[in-house]
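Comments concern the structure below.
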Amino acid sequence: MNMKHLASLFASTAVLALAATMSCSQNKAQLTKSGLDPDKFTDTIAGKPVALYTLTNSEGLEACITNFGGRIVSLMVPDRDNKLTDVVLGHDSLADYINIDGNFGAIIGRYGNRINHGRITIDSVEYQLPINDNGHSLHGGPVGFHNRVWDAQQPSDSVLVLKLLSPDGEAGYPGNLDVTVTYTLGADRSLNINYEAYTDKPTIVNLTNHAYFNLSGNMGGDILGESLWIDADAYTPIDSSFMTTGEIAPVDNTPFDFRRTKTIGADLSLPDVQLQNGKGYDHNFVLNGPLHTDTPAATLSDPSTGIQMEVLTDQPGIQLYIGNFLDGKVKGKQGIAYPFRSAVCLETQHYPDTPNKPEWPSVRLEPGQHYLTQTTYRFSNI
């Protein structure tokens with residue numbers, strides 16, 4: 001090899017090394033504030049593209065959402081020292097969401113919560129839904145909206161619009177259901193979720209989001225020291241299979257009284273049959289009316305970060321779940337194992353098994369009707 005050729009080879013190698021360095025630098029620049037790599041969410045499932053969408057606003061908030069299940073992957077909000085903190089559990093790749101069973105941050109439908117034995121009756125016709133939880137149907141079944149690829153459009157930096165057509169008969173539900181869910185980061189340090197749906201046949205709809213919150217940002221710790229307030233005089237008790245008994249019970253003199261702010265762990269050790277049935281809190285709270293999105297229905301705060309989250313909703317209930325089935329076996333973002341009770345879910349929705357409880361607020365949707373509901377998670381500091 002002559003010197004001229006060798007020099008040319010060294011030059012080519014240097015160019016390749018420089019290109020590799022630039023490529024690496026560009027890839028690092030593409031990382032989100034929460035450290036997510038969008039490339040790890042880029043794929044095609046059943047012929048539909050999947051991606052990670054990053055929402056930002058003037059307040060410095062960042063929400064990363066994948067259109068696989070409409071999942072909130074990360075949510076960065078400022079703590080009392082103005083340090084951005086990720087406050088939701090999740091995974092850092094699409095592969096983990098596909099391979100690890102769970103509802104982290106997902107849109108839940110067609111019916112959030114449980115339906116007794118998966119049976120509903122509409123206009124004298126009985127429909128059988130998938131059984132996937134202690135003999136009942138939970139969160140729309142194993143192939144609910146949380147495992148569907150949504151059509152996505154991001155019209156601005158702070159807005160993501162997701163659309164899904166659930167065909168007649170999917171998971172046993174009647175009617176073609178046309179669903180739109182819009183995520184918006186607000187100037188008031190909020191994440192707003194707007195749900196819309198139309199049907200061509202009488203059906204039932206109860207949409208929610210299953211974000212797992214930990215306002216400490218320490219996903220390897222528990223949330224028992226976080227403080228919670230819920231504007232609810234009553235809740236719906238459950239049996240040992242987690243199915244509602246049909247009773248609306250007062251929270252007075254029970255561990256379920258969050259009308260005065262207390263830590264989540266304050267009453268967990270009390271000898272209460274409902275805590276035993278739910279393995280802790282896994283219950284629907286009947287919110288006090290009137291129901292609107294101007295006044296908080298619940299407030300969660302963490303003493304270590306000073307982050308406070310208000311939940312504003314027009315829905316009649318909130319399902320409080322505190323990660324009773326997390327056991328450290330599931331690893332999430334940054335390889336952190338999620339231990340027992342490392343998150344709290346505040347799922348705004350109608351009550352469980354409402355289709356079989358005609359005396360409760362209806363979840364029936366008729367052709368020509370517009371299903372429209374809104375929930376806002378608004379952040380501040382204490």
Side-chain angles (χ1 to χ4, degrees), residues 28 31-37 52-65 71-92 104-105 157-158 160 183-193 209-230 258 261-266 295-313 318 320-323 326 331-348 375-382:
K28 287 182 179 179
L31 296 182
T32 68
K33 293 178 181 178
S34 58
L36 295 171
D37 182 353
L52 185 72
Y53 296 85
T54 301
L55 306 185
T56 58
N57 71 353
S58 58
E59 290 296 306
L61 271 67
E62 179 193 80
C64 293
I65 300 167
R71 297 167 182 266
I72 303 170
V73 180
S74 66
L75 179 58
M76 301 289 284
V77 301
D79 67 6
R80 64 162 63 94
D81 298 320
N82 211 34
K83 175 187 175 184
L84 285 178
T85 303
D86 191 359
V87 295
V88 296
L89 275 61
H91 298 295
D92 43 25
F104 291 129
D157 289 343
S158 60
L160 178 66
Y183 289 102
T184 304
L185 283 181
D188 57 349
R189 292 189 175 182
S190 66
L191 175 64
N192 178 74
I193 310 176
N209 183 278
H210 213 306
Y212 283 63
F213 293 102
N214 184 323
L215 302 188
S216 75
N218 175 22
M219 307 311 180
D222 65 52
I223 43 75
L224 301 184
E226 297 195 351
S227 295
L228 179 64
W229 168 82
I230 303 177
F258 284 92
T261 303
K262 64 181 179 182
T263 62
I264 292 172
T295 304
T299 301
L300 180 71
S301 63
D302 184 87
S304 62
T305 59
I307 296 174
Q308 176 172 275
M309 181 180 76
E310 295 175 313
V311 183
L312 304 94
T313 186
I318 286 182
L320 170 63
Y321 170 64
I322 59 171
L326 295 174
K331 291 186 177 180
K333 288 174 286 188
Q334 301 175 12
I336 296 173
Y338 292 151
F340 186 50
R341 293 175 176 163
S342 55
V344 54
C345 302
L346 293 164
E347 305 158 62
T348 59
T375 290
T376 297
Y377 298 101
R378 187 168 64 196
F379 296 89
S380 58
N381 299 124
I382 56 174

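These numbers come from the heavy atoms of this one structure, side chains and all, not from hydrogens, waters or symmetry mates. All residue numbers in this chain count up from 1 along the given sequence.
- Residues E59 and P78 fail the side-chain proximity criterion, which asks for heavy atoms closer than 4.5 Å.
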V77 vs L84, side-chain contact (heavy atoms from CB on, under 4.5 Å): CA-CA, chis, key distance, verdict: CA-CA 5 Å; V77 301; L84 285 178; 5.7 Å; no
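- No hydrogens or angles considered: nothing links the side chains of S190 and N192 as a donor-acceptor pair under 3.5 Å.
- Counting non-hydrogen atoms of other residues, nucleotides and ligands closer than 6.0 Å to NZ of K83 gives a total of 12 or fewer.
- Of all the heavy atoms in I72 and A211, the pair that sits closest is CD1-CB, 4.5 Å.
- For V88 against K333, the heavy-atom pair with the smallest separation is O-NZ, 2.8 Å.
- Applying the ring-ring contact (aromatic ring centres under 6.0 Å, His included) criterion to Y212, with sequence neighbours excluded, gives F104, H210.
- Across all their heavy atoms, N57 and G186 have their closest contact at ND2-O, 2.6 Å.
- With a 4.5 Å cut-off on side-chain heavy atoms, T376 and L191 do not count as touching.
- For D86 against L75, the heavy-atom pair with the smallest separation is OD1-N, 3.0 Å.
- Here the CG-CE distance, from L55 to M76, works out to 14.0 Å after rounding to the nearest 0.5 Å.
- No donor-acceptor distance shorter than 3.5 angstrom exists from the side chain of D157 to the backbone of T56, with no hydrogens or angles considered.
- H91 and G332 make their closest contact through ND1-CA, 3.8 Å (heavy atoms, listed as atom of the first residue, atom of the second, distance).
- Using a 4.5 Å cut-off on side-chain heavy atoms (C-beta onward), L346 and M309 make contact.
- Between T54 and K33, the closest side-chain pair of non-hydrogen atoms is not below 4.5 Å.
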F213 and Y377: CA distance, side-chain angles, deciding distance, ring pair (Phe, Tyr, Trp, His ring centres under 6.0 Å) verdict: CA-CA 11 Å; F213 293 102; Y377 298 101; 5.1 Å; yes
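- Once rounded to the nearest 0.5 Å, the distance linking CG of L300 with OG1 of T261 reads 10.0 Å.
- Side chains of N214 and Y338: a donor-acceptor N/O pair is absent below 3.5 angstrom, by distance only.
- Distance check: R80 CZ to T305 OG1 gives 6.5 Å after rounding to the nearest 0.5 Å.
- To the nearest 0.5 angstrom, I322 atom CD1 is 7.0 Å from F340 atom CZ.
- Shortest non-hydrogen contact noted between L326 and P339 is CB-O, 3.4 Å.
- Contact annotation: the side chain of T32 never approaches that of V73 to less than 4.5 Å [non-hydrogen atoms, C-beta and beyond].
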Can you give each donor-acceptor pair under 3.5 Å made by side-chain atoms of residues 221-228, sequence neighbours left out, with the distance rounded to 0.1 Å?
{"unit_1": "D222", "atom_1": "OD1", "unit_2": "L224", "atom_2": "N", "d": "3.0"}
{"unit_1": "E226", "atom_1": "OE2", "unit_2": "L215", "atom_2": "N", "d": "2.9"}
{"unit_1": "E226", "atom_1": "OE2", "unit_2": "S216", "atom_2": "N", "d": "3.3"}

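- Interatomic distance, L320 CG to E347 CD, rounded to the nearest 0.5 Å: 9.0 Å.
- To the nearest 0.5 angstrom, R71 atom CZ is 15.5 Å from C64 atom SG.
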